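All remarks here apply to the structure that follows.
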Amino acid sequence: MQFKELIVQETNNICEQLSSYEDRHTSFKELFLTKDTINFGPIKLLDRASIAMRTVILFLTVLTIYFFSTLDYQSIDVLKGFTDTFVNFKTMFLNPYAQRFTLGEAFYNVVVTLGLAFLTTLIGGIVALLLGLLAAQNLAPKQVTNLIKGFVAIIRAVPTILWVLIFAVAAGLGSAAAIIGMSFHSISYLTKAYSESFEDLDRSVIEALMASGANWWQIVFQAVIPSSVTYLLSWTFLRFEINFANAVAMGAAAGAGGIGFDLFMAGGFYFDLREVGFITYLIIAIAIALEVFSTNIKGKLQKSI
Amino acid sequence: MALLELKNVTKNYNNECCALDNVSFSVDKGEFVSIIGPSGAGKSTLLRCINRMVEASSGEISVDGLISSSLSKKKLRKLRTKIGMIFQHYNLVDRLTVIENVLHGRLGYKSTLAGVLGRYSQEEKSQAYRIIEILGLNEQIYKRCDQLSGGQKQRVGIARALVQNPKIILCDEPIASLDPNASKIIMDHLGNISKEMGITIIVNLHQVEVALKYSDRIIGVNRGKVVFDGAPCDLTTRQIRDIYGSESEDLIIDLGERHAG
Ligand SMILES: Nc1ncnc2c1ncn2[C@@H]1O[C@H](COP(=O)(O)OP(=O)(O)O)[C@@H](O)[C@H]1O
Ligand SMILES: [Mg+2]
């Protein structure tokens with residue numbers, strides 16, 4: 001009772017104070033503009049963080065100026081360089097044309113690249129599903145999760161292309177090295193993503209099912225996976241898009257074939273800018289199609305679940 | 001022979017003394033037992049020792065004639081199917097529907113493969129429907145659990161326990177997160193379950209007045225020790241003080257009101 005009265009009193013006090021402020025200054029806007037009303041204490045404009053920030057920016061500016069002023073341009077005319085590049089872009093993107101192959105052949109090579117992306121995502125997804133379960137803190141002992149999480153973090157820290165080159169030592173440059181290397185990186189990426197999706201289900205829920213006599217595998221397949229399936233799919237789609245881009249690059253860099261290899265030949269071997277433009281457009285079209293497709297599927301899934 | 005029997009059960013977490021200290025009691029079929037006591041007294045630990053979600057440090061617990069500490073993993077699973085459990089925070093799989101959550105109660109009876117594939121028999125499904133209907137959830141049956149109110153979620157929890165065909169249902173503060181209205185509905189359901197289905201109910205409660213209203217028997221716990229074990233009408237002000245220590249003052253007022261009313 002007393003407490004309630006006290007609150008009512010206090011509220012009234014505050015209201016009175018506020019309205020007297022309003023009387024004196026006619027509006028709240030003025031209240032905030034006048035300096036003498038409320039003293040918030042000294043406002044520090046230069047605290048430690050902003051000093052550090054300014055120092056870094058200043059340092060970078062000086063460095064940039066120094067770099068450009070001392071850069072050895074040799075005999076290159078910078079302005080001409082820019083205009084030539086621009087002209088090249090114009091030929092590339094305004095007059096795309098495929099000379100060395102038909103549309104059918106181009107399409108076939110796109111399918112090869114998509115196949116590479118699909119296969120590596122599939123291998124990655126299956127292995128990561130198992131590893132993800134063992135890396136999820138609500139499903140496995142702490143030592144196991146730490147071990148797996150650390151292991152995949154190391155794999156992930158090394159870029160895909162490097163893994164492909166490492167496996168190329170054993171398998172030789174080509175599609176085998178590309179598949180192994182890309183799968184390897186996909187596994188580590190998806191393991192992290194999957195395990196975090198699994199961890200969304202509270203440990204106490206899993207304990208509740210354990211208490212009713214269900215065992216680990218039953219809980220995983222009846223509770224954990226069904227409740228995280230939308231996340232799993234959307235991570236997998238994302239990785240497929242990444243792997244498509246990787247597959248294009250591997251075609252060029254590791255000789256894995258597909259549309260990436262055509263791009264490499266057109267650009268680096270035949271110097272055919274119009275063909276480079278054509279292939280680039282083709283790749284962009286595929287990427288957009290993938291994006292639309294995956295967005296659609298995700299939308300449907302979200303509706304059905 | 002009693003359905004559930006605890007003999008000198010003691011539990012120490014991390015060698016600290018004593019979440020449970022030499023607890024002994026037995027419970028019969030169909031009894032409604034409330035366990036009351038301040039927080040940290042060991043109520044949750046006591047319930048979890050019964051289905052071995054927590055391993056007792058020493059002592060003997062027998063459920064339906066089986067000494068639970070001696071059971072193999074497989075037999076323990078079988079024993080657990082006979083013991084339902086419901087929780088303060090419901091512990092449902094939020095993104096699944098009511099019927100899916102209720103059917104989870106059957107997993108313990110299945111082989112690993114049948115459970116993994118989710119093969120529920122027609123009989124199991126119709127039993128689940130029947131229980132959902134009894135608990136008044138027919139309209140929510142295909143709704144996801146995260147769209148339900150707290151009271152509805154707790155009823156799904158009860159349905160999941162009932163579909164196990166349990167002999168005992170353990171309830172760990174089932175109404176601590178619910179408003180008075182929903183609390184009454186839940187407690188009424190638990191009361192009916194013990195009376196009409198003959199299932200033993202053991203419920204941890206915070207509210208003395210609720211325990212007084214629904215229980216056949218009250219067990220008071222303080223610092224891991226049983227300090228009261230008897231019928232609700234035998235619970236005196238002094239004993240409430242023993243159970244709750246310094247927290248007891250406002251609770252005693254409730255008891256006074258009961259005697260007045
Ligand atoms: N997992 C645990 N590890 C260590 N100590 C615990 C654990 N669970 C409970 N305890 C301790 O055991 C005592 C009893 O806890 P609990 O059974 O949860 O009490 P209640 O349910 O009555 O509030 C408390 O002192 C608590 O700190
Ligand atoms: Mg508790």
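Residue numbers begin at 1 in each chain, while the letters A, B, ... track the order of the sequences. None of the values given here were measured: they were computed from a predicted structure.
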(request) Using side-chain contact (heavy atoms from CB on, under 4.5 Å) as the criterion, point out the one residue from E31(B), K167(B), K82(B) that pairs with L3(B). (result)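 It is K167(B), the one option of E31(B), K167(B), K82(B) that forms the side-chain contact (heavy atoms from CB on, under 4.5 Å) with L3(B).
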
[X] versus chain A, the contacting section by heavy-atom distance below 4.5 Å:
{"X": "R106(B)", "value": "neither"}
{"X": "L113(B)", "value": "neither"}
{"X": "L170(B)", "value": "neither"}
{"X": "I83(B)", "value": "backbone"}

(request) Provide the full list of side chain to side chain donor-acceptor pair (under 3.5 Å) pairs with a residue in residues 69-79 of chain B, sequence neighbours left out, each pair given once. (result)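 For residues 69-79 of chain B: Q218(A)-R77(B).
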
(message) Between the side chains of K43(B) and D172(B), is the shortest nitrogen-to-carboxylate-oxygen separation below 4.0 Å, so that they form an ion pair?
(response)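 No, this pair does not count.
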
(message) Quick test of your reading of the model: are K110(B) and E124(B) salt-bridged, counting only N-O distances below 4.0 Å?
(response)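 Yes.
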
(message) Heavy-atom pairs under 4.5 Å with chain A - which of L76(B), N91(B), L79(B) has more of them than the others?
(response)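 Of L76(B), N91(B), L79(B), N91(B) has the most heavy-atom pairs under 4.5 Å with chain A.
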
Do [X] and [Y] have side-chain atoms, one donor and one acceptor, less than 3.5 Å apart?
{"X": "S212(A)", "Y": "Q164(B)", "value": "no"}
{"X": "N165(B)", "Y": "Q127(B)", "value": "yes"}
{"X": "T45(B)", "Y": "Y13(B)", "value": "yes"}

(request) With chain B as the partner chain, list the residues of residues 128-156 of chain A whose heavy atoms fall under 4.5 Å from it, by residue number, and write 'none' if nothing qualifies. (result)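 Near chain B, by residue number: none.
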
(request) Mind ranking N215(A), I219(A), V224(A) by heavy-atom pairs under 4.5 Å with chain B and telling me who comes out on top? (result)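 Most pairs with chain B among the choices: N215(A).
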
(message) For the aromatic rings, using the six-membered ring if either is Trp, is the centroid distance between F167(A) and F184(A) under 6.0 Å?
(response)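 Centroid separation for F167(A) and F184(A): below 6.0 Å.
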
(message) Taking CZ in F25(B) as the centre, count heavy atoms belonging to other residues, nucleotides or ligands within less than 6.0 Å. Is the count above 12?
(response)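 Yes, the 6.0 Å shell around CZ holds more than 12 heavy atoms from other groups.
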
